[in-house]
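Heads up: the structure comes next, in structure tokens.
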Amino acid sequence: GVGRKCLRLCHFSFDSLAEDLAFGGGLGLVLLAAVAFLLGLIGQLHVSAFYWTLGIAFVIGSGEIITWVRNCWHCSWLSPFQKNESSWAVHLLQLFLMAYLFVFVAVAFVACHLPEIEFDPLIYHLTVPKLYLQHHQIVDIPEILEAVFPKNVVMLYLYGLALHSQITVKFLNFWMGLLLLLAIHCFAKRLWGRQAGWAAAALFASTPIVFFELRAVYIDLPIALFCFLNFFALLRWMEDGGRKWLVLSAIFLGMAAGSK
């Protein structure tokens with residue numbers, strides 16, 4: 001909601017509600033990571049501070065959330081399933097791609113309920129933010145070499161650990177994966193049509209490494225999200241002109257560059 005609020009104040013326009021959600025959700029994540037980083041610098045990484053941050057963000061963006069949901073309600077949710085093409089073969093192919101994508105996303109969603117067992121998440125993706133929370137600030141951790149790596153995405157993991165546990169972080173990572181799939185769908189649909197959008201999202205989700213990382217706490221999918229949004233915003237700048245799309249592209253690029 002807060003990301004969409006900022007985009008509306010800057011007079012951004014989007015071709016669809018899905019594109020609106022992808023860019024608004026991505027920018028909202030950037031803002032939350034920036035706030036967590038500032039809290040870490042001033043030694044205020046307390047659970048209450050994260051609740052206050054999310055509460056204020058919800059208050060600011062609640063109107064945008066309501067507006068977006070209302071717009072979705074006014075749109076026909078059956079439209080993706082309705083036959084808009086002259087050929088039944090094309091329509092059935094689209095339904096198959098949607099079902100194919102749904103299966104992979106649903107399985108990954110169920111797998112997010114399982115405890116994290118992978119090496120990188122347990123060694124530093126989850127351990128480093130946990131130690132930050134214990135010290136209530138960003139501290140030097142000489143025992144973990146990877147702790148000196150850029151940590152923009154890890155700043156987002158602080159919210160999940162502060163609110164509940166590693167399972168919350170897994171669902172946060174899953175949400176960023178969904179935003180990436182949504183952005184890929186919108187990008188391909190914009191250039192090559194609706195079927196291309198569903199095909200691109202389905203093929204990407206079924207890639208073994210992507211499917212694996214949808215249910216694990218690895219930072220590669222979040223980085224891919226911000227890199228892709230950077231490229232998408234750059235395309236919009238090339239099409240529409242104006243400095244605002246170039247600035248938005250730079251924001252996403254900076255978020256990605258500061259994550260690994």
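Note that the numbering runs from 1 along the sequence shown for the chain.
- Under the 4.5 Å side-chain heavy-atom criterion for grouping Ile, Leu, Val, Met, Phe, Trp and Tyr, Val59 is not connected to Leu32 through any hydrophobic cluster.
- Once rounded to the nearest 0.5 Å, the distance linking CZ of Phe252 with CG of Leu225 reads 7.5 Å.
- The nearest pair of heavy atoms linking Arg215 to Ala111 is CB-CB, 3.6 Å.
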Item to check | Pair Lys130-Leu161, side-chain contact (heavy atoms from CB on, under 4.5 Å): steps then yes or no | outcome: CA-CA 7 Å; Lys130 181 180 178 180; Leu161 292 175; 4.3 Å; yes
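- Of the inter-residue distances, the one linking Glu239 atom CD with Trp245 atom CH2 reads 9.5 Å to the nearest 0.5 angstrom.
- Atom CZ of Phe37 is surrounded by 12 or fewer heavy atoms from other residues, nucleotides or ligands within 6.0 Å.
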Item to check | Stepwise side-chain contact (heavy atoms from CB on, under 4.5 Å) check, Glu146 with Asp120 | outcome: CA-CA 10 Å; Glu146 294 81 1; Asp120 286 3; over 6 Å; no
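- Of all heavy-atom pairs spanning Leu182 and Ala18, the tightest one is CD2-O, 3.3 Å.
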Checklist entry - Given the rule in the side-chain contact (heavy atoms from CB on, under 4.5 Å) test, do Ile141 and Tyr132 qualify, once you have shown the distances and angles that lead to the verdict? => result CA-CA 9 Å; Ile141 309 174; Tyr132 288 169; 3.9 Å; yes
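- Under the 3.5 Å distance criterion, the side-chain polar atoms of Asn152 are matched with a main-chain donor or acceptor of Met255.
- With rounding to the nearest 0.5 angstrom, the CD1 atom of Ile138 is 10.5 Å from the CD1 atom of Ile42.
- Under the 6.0 Å cut-off for aromatic ring centres, Phe228 and Phe187 qualify, their centroids lying closer than that.
- The local environment of NZ in Lys244 is crowded, with over 12 non-hydrogen atoms from other residues, nucleotides or ligands closer than 6.0 Å.
- Looking at residues two or more places apart in sequence or on another chain, you find no side chain to side chain donor-acceptor pair (under 3.5 Å) involving His135.
- Between Val217 and the choices Glu118, Lys170, Gln166, the side chain to side chain contact (heavy atoms under 4.5 Å, CB included) rule is met once, by Lys170.
- Linking ILVMFWY residues whenever their side-chain heavy atoms come closer than 4.5 Å, directly or via other members, leaves Leu214 and Ile117 in distinct clusters.
- Using a 4.5 Å cut-off between side-chain heavy atoms of Ile, Leu, Val, Met, Phe, Trp and Tyr, with links allowed through other members, Val139 and Tyr157 fall into the same hydrophobic cluster.
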Next on the checklist: Pair Phe12, Phe23 - check ring-ring contact (aromatic ring centres under 6.0 Å, His included), show working.
Outcome noted: CA-CA 10 Å; Phe12 281 88; Phe23 279 103; 7.9 Å; no
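- For the pair Asn173 (side chain) and Pro222 (backbone), a donor-acceptor distance under 3.5 Å is absent.
- For the pair Leu39/Thr53, a side-chain contact is recorded, criterion being any heavy-atom separation below 4.5 Å from C-beta on.
- When all heavy atoms are compared, the tightest approach of Ile219 to Ser259 is CD1-O, 3.2 Å.
- Contact of the Phe211 side chain with the Val107 side chain is registered, since non-hydrogen atoms from C-beta on lie closer than 4.5 Å.
- Looking only at distances, no side-chain donor or acceptor of His136 sits under 3.5 Å from a matching main-chain atom of Gln44.
- The two residues Ala22 and Leu229 have their closest heavy-atom pair at O-CD1, 3.9 Å.
- Using a 4.5 Å heavy-atom cutoff, the side chains of Val30 and Phe226 are in contact.
- Atom CG of residue Leu54 and atom CZ of residue Phe50 lie 8.5 Å apart, to the nearest 0.5 angstrom.
- Distance check, rounded to the nearest 0.5 Å: CZ of Phe174 to NE2 of His113 gives 9.5 Å.
- Ala201 approaches Leu101 most closely through the heavy-atom pair O-CD1, 3.7 Å.
- With a 4.5 Å cut-off on side-chain heavy atoms, Arg4 and Asp20 count as touching.
- With contacts defined as side-chain heavy-atom distances shorter than 4.5 Å, the pair Cys186/Phe232 qualifies.
- Counting heavy atoms from C-beta outward, Val35 and Tyr159 have side chains that approach closer than 4.5 Å.
- Although no hydrogens or angles enter the test, the distance criterion places no donor-acceptor pair under 3.5 Å between the side chain of Lys5 and the main chain of Gly63.
- Note on Phe58 and Tyr51: same hydrophobic cluster, where clusters join Ile, Leu, Val, Met, Phe, Trp and Tyr whose side-chain heavy atoms are under 4.5 Å apart, directly or indirectly.
- Scanning all heavy atoms of the two residues, the minimum distance from Leu156 to Ala33 falls at CD2-N, 3.7 Å.
- A distance of 8.0 Å separates CD1 of Ile167 from CD of Glu116, quoted to the nearest 0.5 Å.
- Other residues, nucleotides and ligands contribute more than 12 heavy atoms inside 6.0 Å of the NE2 atom of His46.
- For Thr127 (side chain) and Leu122 (main-chain N/O), a donor-acceptor pair under 3.5 Å exists by modelled atom type.
- By the neighbour-count criterion of 12 heavy atoms within 6.0 Å, atom CZ of Phe231 is sparsely surrounded, having that number or fewer from other residues, nucleotides or ligands.
- One hydrophobic cluster, built from ILVMFWY side chains closer than 4.5 Å, cannot hold both Met98 and Phe102; they sit in different ones.
- When side chains are defined from C-beta on, Leu191 counts as touching Leu235, because their heavy atoms get closer than 4.5 Å.
- Contact check for Trp198 versus His185: side-chain heavy atoms found under the 4.5 Å cut-off.
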Next on the checklist: Test side-chain contact (heavy atoms from CB on, under 4.5 Å) on Ser249 and Trp237; report intermediate values, then the result.
Outcome noted: CA-CA 9 Å; Ser249 173; Trp237 171 70; over 6 Å; no
